[in-house]
Amino acid sequence: MGITGAALVALGIICICNPMSTVISLAWILGILTLVSGAATLLNWISLRSYFPQSGSILLSAVLQIIIGILFLRHDLALAAIIPIIFAFFLIIEGVNLAIRSFDYRKIGFRFWWINLILGLSGAILGFLSFSVPGVGGKALSLCVGCGLVVVGLVYLIALFAINRFERELNTNPWVE
């Protein structure tokens with residue numbers, strides 16, 4: 001647990017410090033996941049085709065996933081250039097959605113509705129900024145991935161310390177609750 005936590009913290013710091021490498025790695029991960037998903041769907045179709053004679057769409061989906069996975073792996077730099085754009089679209093759409101929903105929260109009496117409004121507008125602005133300034137989207141995405149890995153790694157380390165402390169207390173007093 002300690003090694004995993006430390007490795008995740010280190011990987012998170014690497015992601016934060018190397019945004020382009022992080023985005024290229026994400027492109028590879030997307031390619032591998034799409035390829036594996038296509039292969040699994042193809043195996044699923046092979047086992048189910050006798051039960052579902054109209055399952056051609058499953059086969060088509062599997063083949064397309066495999067092709068897209070291979071394209072992602074062969075053209076990782078092109079995909080790495082597109083990922084920040086997709087991230088920017090996501091930020092804009094989710095930011096505007098959160099800002100609009102904040103007024104619904106206000107209507108039902110939620111006291112902190114304005115925090116949702118500020119966060120939603122901030123997300124949308126970051127999305128527009130990602131479009132207007134090349135590289136911002138990739139850096140923002142790398143920062144999010146890196147911070148997420150650091151947080152998960154720290155949670156592992158904190159859990160390890162808590163478990164060790166509990167074990168020490170249990171060894172000194174076996175009746176501890």
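Only this structure's heavy atoms are used, side chains among them; waters, hydrogens and symmetry mates stay out. In this text, all values refer to a predicted model and were calculated from it rather than measured experimentally.
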With the side chain counted from C-beta on, respond yes when [X] and [Y] share a heavy-atom pair under 4.5 Å apart, and no when they do not.
| X | Y | value |
| --- | --- | --- |
| V9 | L149 | no |
| S142 | N18 | no |
| R168 | N164 | yes |

Linked, directly or transitively: [X] and [Y] (ILVMFWY side chains, under 4.5 Å):
| X | Y | answer |
| --- | --- | --- |
| L11 | L30 | yes |
| M20 | I16 | no |
| L42 | L71 | yes |
| I32 | I70 | yes |
| L98 | I93 | no |

Indicate the atoms forming the closest heavy-atom contact of [X] with [Y], along with that distance.
| X | Y | result |
| --- | --- | --- |
| F87 | C144 | CZ-SG, 4.2 Å |
| S102 | N116 | CB-CB, 3.7 Å |
| G69 | T34 | N-CG2, 3.8 Å |
| L35 | I66 | CD1-O, 3.6 Å |
| G38 | A62 | O-CB, 3.6 Å |
| P84 | V23 | CD-CG1, 4.2 Å |

Do the ring planes of F89 and F131 sit parallel (below 30°), tilted (30 to 60°) or perpendicular (above 60°)?
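Rings of F89 and F131: perpendicular, over 60°.
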Once the angle between the rings of F112 and F110 is folded into 0 to 90°, is it parallel (under 30°), tilted (30 to 60°) or perpendicular (over 60°)?
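Geometry flag for F110 against F112: perpendicular rings.
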To the nearest 0.5 Å, what is the distance between [atom1] ([X]) and [atom2] ([Y])?
| X | Y | atom1 | atom2 | result |
| --- | --- | --- | --- | --- |
| L119 | W114 | CG | CH2 | 9.5 Å |
| I82 | L77 | CD1 | CG | 11.5 Å |
| S122 | L129 | OG | CG | 11.5 Å |
| N44 | L59 | CG | CG | 11.5 Å |
| L79 | W28 | CG | CH2 | 11.5 Å |
| W113 | I118 | CH2 | CD1 | 8.5 Å |

Does the [X] side chain pair with the main chain of [Y], one donor and one acceptor, at a distance under 3.5 Å?
| X | Y | value |
| --- | --- | --- |
| T22 | C15 | yes |
| S130 | L126 | yes |
| S61 | S57 | no |

More than 12 foreign heavy atoms under 6.0 Å from CZ of F72: is that the case here?
yes
Starting from the C-alpha separation in whole Å, work towards a yes-or-no answer on side-chain contact (heavy atoms from CB on, under 4.5 Å) for V150 and L8.
CA-CA 6 Å; V150 168; L8 287 171; over 6 Å; no
Between R101 and N97, is a side-chain contact (heavy atoms from CB on, under 4.5 Å) present by the stated rule, with each step listed?
CA-CA 6 Å; R101 278 188 286 139; N97 186 21; 3.4 Å; yes
